[in-house]
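Values reported hereafter were calculated over all heavy atoms of this structure, with side chains retained and with hydrogens, waters and symmetry mates removed. Chain letters run A, B, ... following the sequence lines, proteins first and then strands; every chain starts at 1.
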2 protein chains.
Amino acid sequence: MYPTENETRLWVAINLSQRLIYRKMDAALKEKRLPPLRWYDVLWDLERAGEKGKRPFELEQSLLFEQSNLSRLLRRMTNESLLEERQFSRDRRGKILRVTEKGRVVRKNMWKIYGPLIHEYMSQIESESELKQSSASLNRLVDCSVIED
Amino acid sequence: MYPTENETRLWVAINLSQRLIYRKMDAALKEKRLPPLRWYDVLWDLERAGEKGKRPFELEQSLLFEQSNLSRLLRRMTNESLLEERQFSRDRRGKILRVTEKGRVVRKNMWKIYGPLIHEYMSQIESESELKQSSASLNRLVDCSVIED
DNA sequence: GAATAATAGATGAAAGTGCATCTATTCTGC
DNA sequence: GCAGAATAGATGCACTTTCATCTATTATTC
């Protein structure tokens, strides 16, 4: 019922590492006058979706956004011309989002900062097998949590 | 310079797992009309500090709070009588925080929800060695990041 | 096929957060 | 011991996030 010592330790470590590194990355982007990290996820997800684009509720699921939160974030990004939206004809409640050329440029600029930082922090774990094992473990947590909804 | 595939995967996994599980836990607490998860950290940290209590800036460091953010959180918690503050005589800029009896009760009630959830999620990783290895890896990330400040 | 439920997305109000700045106090170097 | 730097903590402001609710549309059920 209650967690073991090691289970608690892992949960604490997940939180600390995420919070600490995320902050530093966000701060680094802000310093370069680039948008916050969360925008990157949206841009990248849409860029990979290509011509077809994606709908807000799809982003919401894959990126774990709160609906209202995402709604406003998307508006901000659209206002900055990083995204374009068009009405989705088959369901007139919905809309389709795609990255603009400007969005692609901004994402690339963000990656110039973000990418090296990921490397800098993650390379503290040197062995490939350890990297793989750790992410496999964490992904296991995610999978189980998603399913049980 | 740029991250390897596995480095990126780990970083993504850290984010997903943290965000997803944290949310679910916070939601579970809210459903039971208990305070948010972040309050737990404060209560627990102060409870372990015992009679001596702790000062806000110490909490700030160990729990990774933004100063202004923590300042207001502490006020809220004090207003709810979960904490009590007294002036720190040796440095009149500062103050000492301690948990109240009510604070201890609330923390225990939170733990009844929080504890089993930690177990539920973390127990997806069954082997003790895997648990240990994963948290050791993540802690390595944290240590390096903290030091370089 | 009309009534009801479910879904996509937007939005007002409230709470939380970060940033810059402020006050009060203590520390440092001369 | 005094001027200037550093530190503890609070606070105004702007922005973000959440919660609850709303509108519009589509799905379902009888």
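Salt bridge status for A:R23 with B:E66: present, with a side-chain N to carboxylate O gap under 4.0 Å.
Relative to the six-membered ring of B:F65, B:R38 meets both conditions, a distance below 6.0 Å and an angle of at most 45° to the axis.
Going from atom CZ of A:R90 over to atom P of D:dT26 covers 12 Å, rounded to whole Å. Atom pair B:E66:CD and C:dG18:C1' shows a separation of 6 Å (rounding to whole Å applied). Taking atom CZ of residue A:R72 and atom P of nucleotide D:dC22, one finds them 15 Å apart after rounding to whole Å. Going from atom NZ of A:K24 over to atom P of C:dG18 covers 15 Å, rounded to whole Å. Whole-Å rounding puts the A:L70 CG to D:dT17 C1' distance at 12 Å. Rounding to whole angstrom units, CG of residue B:N69 and C1' of D:dT11 are separated by 13 Å.
Side-chain atoms of B:W44 and B:Y114 form no donor-acceptor pair, as typed in the model, at a separation below 3.5 Å.
Residue B:R92 places its side chain closer to C:dT25 than to any other of C:dT25, D:dA8, D:dT11.
With hydrogens and angles ignored, no donor-acceptor pair under 3.5 angstrom links the side chain of B:Q67 to the base of D:dA8. For D:dT26, the base has no donor-acceptor partner in the side chain of A:R93 [N/O atoms by modelled type, under 3.5 angstrom].
The nearest heavy atom of DNA chain D to A:S68 and to B:S71 marks one nucleotide each, and the one closer to the 5' end goes with B:S71.
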